[in-house]
Amino acid sequence: MIILAIETSCDETAISIISANGGFRNPKFKILSNIVASQIKIHSKWGGVVPHLAKREHERNLPTVLKRALKKAGFQIPKIDLNAVTVGPGLEPALWMGINFAKELAKKWEKALIGINHMEGHILSFLLPQKTEISNFKFLISKLFPAIALLVSGGHTELVLMKDWLKYKIIGQTRDDAAGEAFDKAAKMLGLSYPGGPVVAKLANSYQPSPADNRIKLPRPMLNSKDYDFSFSGLKTAMLYLLKDLKKKGLAVDNGLLKTQLCAEFQQAVIDTLIAKTIRAVKEFKIKTVILGGGVAANKELRKQFRRHKLNFFIPTKNFCTDNAAMIACAAYFRAFKKEFAVPSKLKANGNLKLK
Ligand code: KG4
Ligand code: ZN
């Protein structure tokens, strides 16, 4: 099956064409093209994504991104079996751009159309081709469930229990900021650029601890709460007070070493909570597989520290952690098996779409 998918839920205009086979038992995907036009330069001035600018840029980018995706895949439209598009969650004006474009294409090319939940794309993105082949992938896939997916992106932090393919139950989520949002806000406080996650991570990873360093400790909110929820806004406030305190003591945060130390402590506070809650869920629900997805899953230290736990563990390669359309195509493959095709006129954007 050849699938063309469109993703415009936030600030990336993405189109991908993949070929898929193997069904639910042995799903295999080949990326024919995967184009992502980033709008970071436009939004970084504002320190976050501006919805009407995102909408304008998607409208501008979609025709060229489509041309590039078709050219890279190197074949003609008749070979495409199915069109897919993200319908939520995300910024509604941005989602609509992708949906309207997908509807027009499906009509013009006379193809079936499927609407996809962006978070389902993040969950299934681990199935997309890895740089390093997982040697016993087929065996591991056959022993996947029950699985738990930790979704960590700019808008979401969720622990999702999966008893089977496409069966989701959210057992925990953030009560305030998402993990990626927390990284972005911490970066802003430290005078770093948007998006904050990659910059904070880079500085954090360059930190070399020394006994002469100042004592810095940030809280791990809700680490010991009995549920599976998260909270990151307290961590952000704690960072703000810590910065004020350091300033009062005459310590300049512009000082490179102190900044790297703050980034390292912030990153570790986020990692500690994410890992602790996930591992607790693994024990309680007798989980066989842990899946990571979303932009924050690109975090090197998070990946490394998760891997220390002896688990059947899947994380997408970094380019499939952040927003892309290949993951939407991947989810569409499964939904096509269930014949969940859309009536194009009824396909709508839903900014708060939930996994179910
Ligand atoms: O999944 P994603 O690309 O978009 C959403 O669906 O939100 O996630 C973007 C988020 C941003 O908040 C960004 O700062 C964060 O992922 N992020 C990271 C890293 N790379 C991206 N956070 C921590 N470490 C990273 N290496
Ligand atoms: Zn995302």
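Numbering of ligands and ligand atoms starts at 1, following listing order.
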**OP:** Evaluate the ring planes of F232 and F230, with Trp represented by its six-membered ring, and classify them as parallel (under 30°), tilted (30 to 60°) or perpendicular (over 60°).
**Re:** parallel
**OP:** Note the single closest protein heavy atom to atom 3 (O) of ligand 1, along with its residue, its atom name and the distance in Å.
**Re:** D323 N, 3.0 Å
Original post:
Do other residues, nucleotides or ligands put more than 12 heavy atoms under 6.0 Å from the NZ atom of K188?
Top reply: no
**OP:** Answer yes or no as to whether an N/O/S atom of H156 is found below 2.8 Å from the Zn ion (ligand 2).
**Re:** no
Original post:
Is the W165 ring parallel, tilted or perpendicular to the F24 ring (thresholds 30°, 60°)?
Top reply: perpendicular
Original post:
Checking side chain to side chain contact (heavy atoms under 4.5 Å, CB included) against L292, which of I123, L150, L274 comes through?
Top reply: L150
Subject >> Numbering as shown, the atoms of ligand 1 that approach H122 to under 4.0 Å (heavy-atom distance) >> reply: 1 (O), 6 (O)
Original post:
Short N/O distance, under 3.5 Å, between G197 and ligand 1?
Top reply: yes
Subject >> NZ (K55) with more than 12 external heavy atoms under 6.0 Å >> reply: no
Original post:
Do E57 and R60 meet the salt-bridge criterion of a basic N to acidic O distance under 4.0 Å?
Top reply: yes
Subject >> Numbering as shown, the atoms of ligand 1 that approach T322 to under 4.0 Å (heavy-atom distance) >> reply: 3 (O)
Subject >> Aromatic plane relationship, F334 with F29 - under 30° parallel, 30 to 60° tilted, over 60° perpendicular >> reply: tilted
Original post:
Which residue holds the protein heavy atom closest to atom 24 (N) of ligand 1, what is that atom called, and what is the gap in Å?
Top reply: N299 ND2, 3.0 Å
Subject >> Sub-3.5 Å N/O-N/O distance, G180 and ligand 1 >> reply: yes
Original post:
Can you find an N/O atom of P195 closer than 3.5 Å to an N/O atom of ligand 1?
Top reply: no
Original post:
Any idea which N/O/S atom from D323 gets closest to the Zn ion (ligand 2)?
Top reply: OD1
Original post:
So, H118 and the Zn ion (ligand 2): N/O/S under 2.8 Å, yes or no?
Top reply: yes
Original post:
Does H118 reach ligand 1, in the sense of a heavy atom lying below 4.0 Å from it?
Top reply: yes
**OP:** Using a strict cut-off of 4.0 Å, indicate which atoms of ligand 1 neighbour a heavy atom of G155.
**Re:** 7 (O)
Original post:
Quick check: are there more than 12 heavy atoms from other residues, nucleotides or ligands sitting under 6.0 Å from NZ of K72?
Top reply: no
**OP:** Applying side chain to side chain contact (heavy atoms under 4.5 Å, CB included) between Y168 and each of E120, E158, K354, report the one that passes.
**Re:** E120
Original post:
What protein heavy atom is closest to atom 21 (C) of ligand 1, reported as residue, atom name and distance in Å?
Top reply: G295 O, 3.4 Å
Original post:
Which of the numbered atoms in ligand 1 are below 4.0 angstrom from a heavy atom of D184?
Top reply: 11 (C), 12 (O), 13 (C), 14 (O)
Original post:
Which atoms of ligand 1 sit under 4.0 Å from any heavy atom of G154?
Top reply: 5 (C), 7 (O), 8 (O), 9 (C), 10 (C), 12 (O)
Subject >> Contact with ligand 1 for C10, non-hydrogen, under 4.0 angstrom >> reply: no
Original post:
Would you call R56 and E59 a salt bridge, using N to O less than 4.0 angstrom?
Top reply: no
**OP:** State whether K249 and D245 are salt-bridged, where the test is any N-O pair (Lys NZ or Arg NE/NH1/NH2 against Asp/Glu carboxylate O) under 4.0 Å.
**Re:** yes
Original post:
Considering only N, O or S atoms, which atom of H122 is nearest to the Zn ion (ligand 2)?
Top reply: NE2
